[in-house]
Novice: 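I have a structure I would like to understand better, so I am pasting it below and will then ask my questions one at a time.
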Amino acid sequence: MHDSTRNCSPSLVVVTLLAIILVLLPLRAQCFAQSEEDHRAMLRALESLSSERMLANVTTLSGPAFNGRQTGSEDDLRSAQWLAQELTSVGVKLPIIFNTPLTFPFALSQKRTLVGIMASMVPTSLIAPNPVIRTGTADKFVTAQLGKDYLPIFDSPSADLQGQIVFVGYGIVDLTQGIDDYAGIDVNNCIVLFLRGKPDYYQGSISHADKVRFARDRGALAYLTATGPILNSYETRRGVTGKPSAFYGQLPLDQALPGAWISTNLAENLLAGSGEESAPDRLRTLQEQLNRAPSTRAHQTNRYASLHWKTAIPDGLLTNVVGMIPGTGLETIIIGAHRDHFGRPAGLWFPGADDNASGTAVVLEVARALGKIGLRPQRTILFVSFSGEERDLLGSRLYTSRPVVPLSSTKAMINIDHAGIGNGRLTVGVTGFEKTTAQEAGLTAGVADKLDLFGFFPGGDHVPFKEAGVPTVTIVSGGVHPHFHQPTDTAETINPEILQTVARYVLALTWQLANAS
Ligand SMILES: [Zn+2]
């Protein structure tokens, strides 16, 4: 301590303290006035949110004009340009992003720099209309129904093949855990059939791509995969069905195999056998055995399949869109939602209204409200519309590899996905924050009683940010999403009240995080 302080008389200390308090008083009053003004502005912004406008934007994005917004397609870029235009019109600035050495492949955009567009080249698979799968015994085949009985895996290579079907359990090989679903069986030149997911006791991580590699390494020609008839509690809660689902396998071209997701019904039928040997519950029995303990249930079935389709894989342009409301400080927060979906593979149209035109419409509506709020946030707010989410988060990984603002000064990432249908509650996954922070925004927005707060959720564009050490909040509307990855995910199924609840919450949370000390 400095000598002069030690020598101060008590009265001098009191006077000095009084002076300090008097100097600070107006500052405190000013801060309070600021936060009152802030609060009123927030209430006005909340009132300005329009569920009709959000529903109209969901309808536009999931309409035929954007063709299902497949990553890397021209529809991806056109929807990006539409969104960039909308952001500009609500007063959001678009930063210049250098995408060199990229050459844009489409005639409408020869420039190397597009304002607000972050792009990268990706191989873009498209399966031609009218694929065919036939299944049956050696002398009698039946044509399976596209959409109901099966969907090709949408980045599957071309197929023109036939083979015997071999069941290989969950298709897992992990000798350290005593699991070899291929033990004692030769699958060379066969078509393997494996269940999706893994048994609950298995602690290792296994991806679909791993399973395809195991099959390929053992000489399989192709694969079929299906959800087993026994669901775990998480799958039941999420409303998982036996329907085939839109899906990308995400394997490099030199490791991929032709494959299809078949319905649980068709899988049961293929394993039931025929004649006197027939056992309709065989797949259920096999899954029960597989779920109980490591055990090999691999066997040749007496069924065959033939797979026929053509896949073109040109290079395409993946496009994220970035908008910004500049803050007074150097730090940033991000609100993101993916815009991409599955497009029109195999002649089917996947509109992607809930997934995720809904989240995109929420981001745009929140941007509109914040653009008009009339106050500058402390932190810059970045709005990011990701492409490539359906392809294992390619767009959000592109962003974290080339961030517009350094990730070290990115203080939060809010992700919105599937915000259009459900039970009216919001499922909120929080990492890197106290849950009370997420709850507080619910109070401001008047939706606190609708929040179900959890920790980390796997899957979604928040994951690359979480991995990079950025705190994240991910928001999904609660309850079952029955049209998940189906052609029936249309704007008619969207509930505008849910869009409104999500937008109120996101707006309050964004403003709170953008002004947090
Ligand atoms: Zn999806």
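Counting starts at 1 for both ligands and their atoms, following the listed order.
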Novice: May I ask you to check if any N/O/S atom from Asp355 comes under 2.8 Å of the Zn ion (ligand 1)?
Specialist: yes
Novice: Examine all N, O or S atoms of Glu389, backbone included, and report whether one is under 2.8 Å from the Zn ion (ligand 1).
Specialist: no
Novice: Between His208 and Tyr223, is there a side-chain donor-acceptor contact under 3.5 Å, judged purely by atom types and distance?
Specialist: yes
Novice: So which of Arg391, Arg339, Arg69 actually passes salt bridge (Lys or Arg N to Asp or Glu O under 4.0 Å) with Asp76?
Specialist: Arg339
Novice: Please say whether more than 12 non-hydrogen atoms of neighbouring residues, nucleotides or ligands are located less than 6.0 Å from CG in Asn130.
Specialist: no
Novice: For the Zn ion (ligand 1), find the closest N/O/S atom belonging to His485 and write down its atom name.
Specialist: NE2
Novice: Verify whether one side chain among Thr472 and Thr431 offers a donor that lies under 3.5 Å from an acceptor in the other.
Specialist: yes
